[in-house]
Number of protein chains: 4
Amino acid sequence: MSQAPSPASRGRPRDPRTRTAILTAARALLDNGGLTAVTIEAIAAKAGVSRPTIYRYWPNAPAVAMAAFLEASGAPAAGKTSRSPLAALRAQLHAVADAFAAPGGRSVAAMVAAAQSETELAKAFRNEFIARNRDAARLMLERCIAEQLVFPPADIDLALDLIFGPLFYRLLMGHAPITRGFVDQLLDAVVPAL
Amino acid sequence: MSQAPSPASRGRPRDPRTRTAILTAARALLDNGGLTAVTIEAIAAKAGVSRPTIYRYWPNAPAVAMAAFLEASGAPAAGKTSRSPLAALRAQLHAVADAFAAPGGRSVAAMVAAAQSETELAKAFRNEFIARNRDAARLMLERCIAEQLVFPPADIDLALDLIFGPLFYRLLMGHAPITRGFVDQLLDAVVPAL
Amino acid sequence: MSQAPSPASRGRPRDPRTRTAILTAARALLDNGGLTAVTIEAIAAKAGVSRPTIYRYWPNAPAVAMAAFLEASGAPAAGKTSRSPLAALRAQLHAVADAFAAPGGRSVAAMVAAAQSETELAKAFRNEFIARNRDAARLMLERCIAEQLVFPPADIDLALDLIFGPLFYRLLMGHAPITRGFVDQLLDAVVPAL
Amino acid sequence: MSQAPSPASRGRPRDPRTRTAILTAARALLDNGGLTAVTIEAIAAKAGVSRPTIYRYWPNAPAVAMAAFLEASGAPAAGKTSRSPLAALRAQLHAVADAFAAPGGRSVAAMVAAAQSETELAKAFRNEFIARNRDAARLMLERCIAEQLVFPPADIDLALDLIFGPLFYRLLMGHAPITRGFVDQLLDAVVPAL
DNA sequence: CGGTAAACGAGACGGTACGTCGTGTCTTTGA
DNA sequence: TCAAAGACACGACGTACCGTCTCGTTTACCG
């Protein structure tokens, strides 16, 4: 009966604990059980939240899983700037390798899989997780170039593909383990190629 | 009361058309709709076969999909031996790139995804599809080494990871297209690194 | 600590248009779609009113429907006193028959149905709608008796049951139409029986 | 792979206990709780049957309730033929009155209500329950006429409306109890009117 | 005239039930 | 013995309303 031109929030505000509870539950389910365990039903039960509430936040189960995954996989530990950029890059990739090798690494693979069926998820995964890793590595590479530790490559994106490609390849195929030694070999082979 | 227990087949033999019909239907569903479209229900309807029959051949839907995929992705076209092994390797990878870029490439990604949740599928995919590609490439590489076209690398499997990794990386992330130019750049960077 | 609970209104008075809007919307939904279409959600949307507001007026959806129905089914048109009371009674029942036969008649049936599950509604329906019709007819009957047009029946309530019973029976069972001819036959049979 | 022109049943036959279990559970829920208690969920739980199974038999909850009701309200006890047909009619109506007055009478009202929203249910209720009662009464009436106990009425269906209408009217409105005395009064008024 | 109390809209939230889909198993009949 | 048809329990889906609540805003009255 009266108008409602309020610019900012209208209605009852969302309880911030709801969102957190959902994502925490989803993350836990993802870590055990993998992607198929992340059902709306299970999340609702574990988070103590009703199913419709989850749908108020995300459109379906994989979307929740992706959100939980991205939230959890925060910013990659920033390489210490004190070290040489080449050492920093190596350290950074070691961190990625560790993450992939750890039980949580299965989640990464699961999210890659999930991103195959829905464009929205693919975009989110690419723009958040993938871009995050690439950007960090790109920064290091550019510092190396600036300090003339490596020869400027024709295409820095190709260089990033050369570095990350084999890592994900091993993660997803599982034909060989992802060790620190593997990362070292990888860098030793790629860096001179630039 | 019962006669000779014929050592081989007992009772009504399996109609070979059944198996074919199932795989054909599964393949069709995989190509449109992707992995989620490959349901036992849909296969049964499309193949004109009952659901229990499918279960008599495979344990679940992803397994049928994988079988259909592997059956369809036959042996990679053998590189002409007349050419230089390096050119043959390049030609082979061009073929892979073409396959990945084609609509069927989505199926490859789908199967990678499917292989994440079940060990059995992962093994099948690795031992058939991945190994097939790697073995073909390994053969070429070894010929190159034999003809002293490339320096013998410390680890030939690492070399294969360097080659195939970026290809799958692009396929699965979709952050950049998989062109023949990309393959050429890739080889130009990797080969001298060996 | 708390002062006089001012007997009359405190705070902002209710906007009279709110009540009207809700009842109008409920009535419209009742007429199409029937009772199941009368949901709080739909009323709120149609009336441009928030859901809690409706609950401030009535406890649940059927109650709103009943209120809307009773409000709409105003007093039965008073029979002209100039005519003979018997003719007036007949005219009155013709009006009821017309109302039942009209599309709005479905609402009557719907409210009978609604009254089955909740005592409160049953009481309201009985005391308002049923009583209204019975009282009007009783008045006419008593006039007939006073004017010695009919023999004084033992039980006037039974007489009313004899008159209204078949009408509602046909309305609710739908095994035969409710025509004016039916009303005439009904009266012709019942009146001499008294 | 082969055609299926088998005339009789194909596939696994329905377990007859399933149907019974569902109807029994529905009937129990209907008797306590009324129509709103008859939810597919509750039936499934009580009958130890899965929800989809129920949907394989009936399209929705009211339909199950109706089926349960009709199954339970078997044939009306046939009046002893040894008595006079008038006495038999009276006895039959006494039985109906008893049924209406008993707790199960609420179910009858509930089914009348349910029949208001769906044509299919209305038809079933009319053709089974209503017709059953009417036919039994019609038979008695016709015998009375044959034995010249009552004057042949112009319209026997109207006579049935006169008899059953008030009964249902009281059942549904609840403004007065349904006693045997009421039935007697009813007959005493209606029979001479014919 | 300014404080207070209620009306009101918006929307979050936990529930319950819905009707559907797909799964994997089992039980028949028929080839 | 294979195969087709279909019954069945199970689990999850995504949706619709429910009734309650917590806000922010509005509007009257009353001190």
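Keep in mind the model is a prediction, meaning the values are calculated, not measured. In what follows, every chain begins at residue 1, and chains take the letters A, B, ... in the order their sequences are listed.
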For [X] and [N], give me the distance from atom [atom1] to atom [atom2], rounded to whole Å.
X	N	atom1	atom2	value
C/Asn60	F/dC18	CG	P	10 Å
D/Asp15	E/dT25	CG	C1'	15 Å
A/Ile43	F/dC13	CD1	P	8 Å
D/Ile40	F/dA9	CD1	P	14 Å
C/Trp58	F/dG19	CH2	P	15 Å
B/Leu35	E/dG22	CG	P	14 Å
C/Glu41	F/dT15	CD	P	14 Å
D/Tyr55	F/dC13	OH	P	18 Å

Sole residue of D/Ile54, D/Leu23, D/Thr53 in side-chain contact (heavy atoms from CB on, under 4.5 Å) with D/Thr18: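 By the side-chain contact (heavy atoms from CB on, under 4.5 Å) criterion, D/Thr18 pairs with just one of D/Ile54, D/Leu23, D/Thr53: D/Thr53.
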So [Y] and [X], do their side chains get closer than 4.5 Å, heavy atoms only?
X	Y	answer
D/Leu30	D/Met111	yes
B/Ile43	B/Val49	no
A/Arg19	A/Arg14	no

So, is [X] near the phosphate of [N], with a side-chain N or O under 4.0 Å from OP1 or OP2?
X	N	value
A/Arg10	F/dG24	no
D/Tyr57	F/dG6	no
D/Thr53	F/dC8	no
D/Thr18	F/dA7	no
A/Ser50	E/dG14	yes
C/Thr39	F/dC17	no

Donor/acceptor link under 3.5 angstrom from D/Arg12 side chain onto base of F/dA7: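 Donor-acceptor pair under 3.5 Å: yes.
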Side-chain donor/acceptor contact of A/Arg51 with base of E/dG14 under 3.5 Å: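 Side chain to base: no pair present.
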Residue closer to the 5' end of DNA chain E, D/Ala61 versus D/Pro52 (nearest nucleotide):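 Its nearest nucleotide lies further toward 5', so the answer is D/Ala61.
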Shortest non-hydrogen contact between A/Ala44 and A/Arg51, atoms and distance: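 Minimum heavy-atom separation between A/Ala44 and A/Arg51: CB-CG, 3.9 Å.
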Residue whose nearest DNA chain F nucleotide is more 5′ - C/Val38 or D/Arg14: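 This one resolves to D/Arg14.
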